[in-house]
2 protein chains.
Amino acid sequence: MTPEILLKSLSDQTRLRSLMLLIQEGELCVCELTYALDLSQPKISRHLASLRDMQVVVDRRAGQWIYYSINPKLPEWAKELLQATLRGSQKEKQYKADMKKLKSMANRPDNRICV
Amino acid sequence: MTPEILLKSLSDQTRLRSLMLLIQEGELCVCELTYALDLSQPKISRHLASLRDMQVVVDRRAGQWIYYSINPKLPEWAKELLQATLRGSQKEKQYKADMKKLKSMANRPDNRICV
DNA sequence: TAATAATATACGTATATACATATATATGCT
DNA sequence: AGCATATATATGTATATACGTATATTATTA
C-alpha cells in the first residue's frame, strides 16, 4: 500500500463516504451502503470493487451477501490516515446524514461478524 | 477545510510530492520545487495555485520569489492526516529521490524564514 | 427447476483533470 | 528604460474517471 493508492481511493466522494461508514461499522454489505448513501447498486458495487482492487478493503461472501470491511492488513500510517479522515468527516453534515440513514434501515442483514 | 477538499488536493502525484517536501522543509519557492521534482515551471505553479485556492498551502512573496508553505491554520485532523501521509511516503523511492534532489540544488534562495 | 434477491460487470457517454506550449505579469538590476 | 529572472495564466487537447442503463452471475427459496 502506498500513499498514492490510498489517497486516490479517498479522492472520490462515494468511496470516501463508503469508507467512513465501514470504519465505524466494521463491515457492511452492498445493500446497506446502497441504502445509507442513497445511490444506485451498480455505482456502489463498482466503487467497492475498485477499493478491493486497491486492497483498501477486503470482502467475504455470506450467502447472498458480500460484506466489505477495511483491510486489516493496512500499514499503521494508513490506518492513522483513515482515522484522521474520520475525525474530519464527523463534523460534516453529509457524514452525519449517512450514519443516520444507515441506522434507520429496516431489515439489515444480521449475520455479520461482530467487530 | 473538509476531508473532501484535502483529499482531493492529495490525489494528484505532483501535489502530493510537493506537499511532502513542504512538510519537511517548512517553505519552498516554485523554482526549488521545479528543480527537486524535475517538472516544468507552469506545471508546478498551476498545482501550487490550486493548493492555495483550496487553502491547503499559503504563499508569501519575498522579492522575485514566492514561498509556499502548509497552511498553519489547518485543523488538527488535517495536520495529522498529512503527517500520516508523510510517514507512508518516506518509505517510497520517489520521495527519497525528491529530497535528495532538493538537497543537491545549488544556489537555493536563502532568504527564507526558518521554521 | 423456476423465480427472486444480491451483487457484479460491460458498454457507451459525459465530465473532470492534467498536460504542453505560448504568453503575460511582476520584481530586481544595470 | 531595458533586460533578466521568477512566477502565473490562457488555451486547446488528451486522458482518466465517473456515470446510467442494461445485462450477467451467484445464491436462496419455493
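Chain letters run A, B, ... following the sequence lines, proteins first, then strands; residues in each count from 1. Just so it is clear, the structure is predicted and the values come from calculations on it, not from any experiment. Every heavy atom of this structure was used, including side-chain atoms; hydrogens, water molecules and symmetry mates were not.
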Residue A:Lys8, side-chain atoms from C-beta onward, closest of D:dA8, D:dT17, C:dA18: D:dT17
Closest nucleotide among C:dA8, C:dC19, C:dT27 to the B:Arg61 side chain: C:dT27
Side-chain heavy atoms of B:Leu33 within contact of B:Leu102, under 4.5 Å: no
Most 5' of A:Ala49 and B:Thr14 on DNA chain C, judged by nearest nucleotide: A:Ala49
Under 3.5 Å donor-acceptor, B:Glu92 side chain and B:Ser89 backbone: no
Earlier contact from the 5' end, DNA chain C, for A:Pro42 and B:Ser11: A:Pro42
Under 4.0 angstrom between A:His47 side-chain N/O and D:dC19 OP1 or OP2: yes
Interatomic distance where CG belongs to B:Leu39 and C1' belongs to D:dA6 [whole Å]: 17 Å
Length of the line joining A:Ile44:CD1 and D:dG20:P, which is rounded to integer Å: 11 Å
Sugar-phosphate only, base, or nothing, as touched by A:Arg46 at under 4.0 Å among non-hydrogen atoms: base
Salt-bridge criterion met for B:Lys103 and B:Glu25 (N-O under 4.0 Å): yes
Interatomic distance, A:Trp65 CH2 vs D:dT26 C1' [rounded to whole Å]: 13 Å
Whichever of B:Val30 and A:Arg15 has its nearest DNA chain D nucleotide further upstream toward 5': B:Val30
Spacing between A:Arg17 atom CZ and D:dA18 atom P, to the nearest angstrom: 15 Å
A:Lys91 side-chain N/O to B:Thr2 backbone N/O, donor-acceptor pair under 3.5 Å: no
Nucleotide nearest B:Gln41 when distance is taken to its side chain, options D:dT17, D:dA8, D:dC19: D:dA8
Nearest to side-chain heavy atoms of B:Ser45, which nucleotide of D:dA8, C:dT9, D:dA18: D:dA8
Shortest side-chain distance from B:Gln64, nucleotide among C:dA8, D:dT5, D:dA8: D:dT5
Test side-chain contact (heavy atoms from CB on, under 4.5 Å) applied to A:Ser9 and A:Met54, A:Met1, A:Gln55, the passing residue: A:Met54
For atom CG of B:Leu16 and atom C1' of C:dA18, their distance in whole Å: 16 Å
Rounded interatomic separation in angstrom, taking OH from B:Tyr67 and P from D:dA8: 13 Å
Spacing between B:Tyr35 atom OH and D:dT7 atom P, to the nearest angstrom: 15 Å
Minimum-distance nucleotide to A:Lys43 side chain [options: C:dT21, C:dC19, D:dG20]: D:dG20
Rounded distance in Å - CD (B:Gln13) to P (D:dT15): 18 Å
Of the listed nucleotides C:dA20, D:dA8, C:dT7, the one nearest the side chain of B:Ser40: C:dA20
